[in-house]
Amino acid sequence: MYQRFAETKRWKVEILSSSESGIGGLKEVIAIIEGDRVYSQMKYEAGVHRVQRVPATETQGRVHTSAITVAVLPEAEDVDVKIEMKDIRIDTFCSSGPGGQSVNTTYSAVRLTHIPTGTVVSCQDEKSQIKNREKGMRVLRSRLYEVEQEKQHAELAKERKLQVGSGDRSDKIRTYNFPQNRLTDHRIGLTLHQLDLVMEGRIQSIIDACVSYFQAERLKAEATAA
């Protein structure tokens, strides 16, 4: 969905890492999206997205519910987060595929551990250890940036109860109901019976509605605080 939306905006999408679940789906995907106004358009997608569907293996036609967590972070520059290399432990290992089998025999995969915070990032998509290390550093820098942002916005978010900076991932922000072809955004009270189009990346109207809603809420909070 997001990749197709990015194509309509002519944004560049680069998959940094991905891992498969045990049942053939995706467990985690980390990607960088570059283009005009990416973060301002995408930041309200952060949160828990609930999916209701009838799996192909379901013989009784029962609807199954699952959840996907989406995190949207601005990519941090060097000036935003200072990372001392003495604080980084770098481990290398052979990249692996589904089931844990070794994909290659060279130690090209990289695991970076930020010792002060315990943050761990692994990258094994590239065949080159250097490229995996570069990608890993980009992800690590953004994750540390997120931690700093959360600290800065903690008090503000408590007062305004808005998703400022990183978003509240504890609540289900949206439901995708495939049997009813329905999407519901619980934060703004929006319901569309066009889930098939949404899954093709046609989500601009939803994003616009979220941006307008949260901008209005922010203005109301600032007026109240004043």
- Query: Less than 4.5 Å apart, any side-chain heavy atom of Pro179 and any of Val63?
  - Reply: yes
Sequence neighbours excluded and cut-off under 3.5 Å, please list the side-chain donor-acceptor pairs for residues 112-121, or say none.
{"unit_1": "His114", "atom_1": "ND1", "unit_2": "Thr117", "atom_2": "OG1", "d": "2.8"}
{"unit_1": "Thr117", "atom_1": "OG1", "unit_2": "Thr119", "atom_2": "N", "d": "3.4"}
{"unit_1": "Thr117", "atom_1": "OG1", "unit_2": "Thr119", "atom_2": "OG1", "d": "2.8"}

- Chi angles and distances behind the side-chain contact (heavy atoms from CB on, under 4.5 Å) call for Glu217, Arg187: CA-CA 11 Å; Glu217 289 296 301; Arg187 301 164 299 174; over 6 Å; no
- Spatial distance of atom CG (Leu190) from atom OG (Ser205) [nearest 0.5 Å]: 7.0 Å
- Query: Looking only at heavy atoms, which two atoms of Ile173 and Tyr44 are closest? And how far apart?
  - Reply: CD1-O, 4.0 Å
- Within one Ile-Leu-Val-Met-Phe-Trp-Tyr cluster: Val51 and Tyr2, side-chain cutoff 4.5 Å: yes
- Message: The test is side-chain contact (heavy atoms from CB on, under 4.5 Å); show your working for Leu183 and Gln194 and say whether it passes.
- Response: CA-CA 7 Å; Leu183 175 143; Gln194 299 176 333; over 6 Å; no
- Query: Should we say atom CD of Gln3 is surrounded by more than 12 heavy atoms from elsewhere, each under 6.0 Å from it?
  - Reply: no
- Side chain of Asn181, backbone of Asp196: donor and acceptor closer than 3.5 Å? yes
- Message: By the salt bridge (Lys or Arg N to Asp or Glu O under 4.0 Å) test, which pairs, at least two apart or in different chains, include something from residues 53-72?
- Response: Glu58-Arg62
- Query: Does a sphere of radius 6.0 Å around CZ in Arg182 hold more than 12 heavy atoms from other residues, nucleotides or ligands, not counting ones at 6.0 Å or beyond?
  - Reply: yes
- Is there a donor in the side chain of Gln52 and an acceptor in the side chain of Asn177, or the other way round, less than 3.5 Å apart? yes
- Heavy-atom check, side chain of Met85 versus side chain of Ile90, under 4.5 Å: yes
Atom pairs and distances, donor-acceptor, side-chain atoms in residues 26-37, under 3.5 Å, two or more places apart:
none

- Note on the structure: Of all heavy-atom pairs linking Ala109 and Gln124, the shortest is CB-CB, 3.5 Å
- Task: Under the side-chain contact (heavy atoms from CB on, under 4.5 Å) rule, what do Phe178 and Leu195 come out as? Steps first, then yes or no, please.
- Result: CA-CA 7 Å; Phe178 283 86; Leu195 185 55; 3.8 Å; yes
- Task: Could you pull out all residues at least two apart from Lys131 that satisfy salt bridge (Lys or Arg N to Asp or Glu O under 4.0 Å)?
- Result: none
- Item | Ser108 versus Glu126, closest heavy-atom pair with distance | OG-O, 4.0 Å
- Message: Applying salt bridge (Lys or Arg N to Asp or Glu O under 4.0 Å), can you list everything that pairs with Asp91, at least two apart in sequence or on another chain?
- Response: Arg89
- Just by distance, do the side chain of Arg50 and the backbone of Thr65 share a donor-acceptor pair under 3.5 Å? no
- Check whether any side-chain heavy atom of Met137 lies under 4.5 Å from a side-chain heavy atom of Arg141, and answer yes or no. yes
- Task: Check whether Leu197 and Ile207 end up in the same hydrophobic cluster, where Ile, Leu, Val, Met, Phe, Trp and Tyr are linked by side-chain heavy atoms less than 4.5 Å apart.
- Result: no
- Query: Rounded to the nearest 0.5 Å, how far apart are NE2 of His64 and OG1 of Thr57?
  - Reply: 6.5 Å
- Query: Is it true that atom CZ of Arg133 has more than 12 heavy atoms of other residues, nucleotides or ligands lying nearer than 6.0 Å?
  - Reply: no
- Indicate if Val198 and Val54 have the same hydrophobic cluster label, given that clusters are the connected sets of ILVMFWY residues with side-chain heavy-atom separations under 4.5 angstrom. no
- Item | CD1 on Ile68 to OH on Tyr176, rounded to 0.5 Å | 7.5 Å
- Message: I need the minimum non-hydrogen distance between Leu73 and Ser142, along with the two atoms involved.
- Response: CD1-O, 3.8 Å
- Passes side-chain contact (heavy atoms from CB on, under 4.5 Å), Gln41 versus Lys9? Steps please. CA-CA 11 Å; Gln41 291 277 290; Lys9 306 289 287 186; 3.8 Å; yes
- Do you know which two heavy atoms are closest between Arg4 and Met199, and how far apart they sit? NH1-O, 3.3 Å
- Message: Applying ring-ring contact (aromatic ring centres under 6.0 Å, His included), can you list everything that pairs with Phe5, at least two apart in sequence or on another chain?
- Response: Trp11
- Going by heavy atoms in the side chains, are Arg174 and Ile206 under 4.5 Å from each other? yes
- Taking the side chain as every heavy atom from C-beta outward, state whether Ile88 and Leu140 have any atom pair closer than 4.5 Å. yes
- Message: Ignoring hydrogens, what is the shortest heavy-atom contact between Asp185 and Cys210? Give both atom names and the distance.
- Response: OD2-SG, 3.6 Å
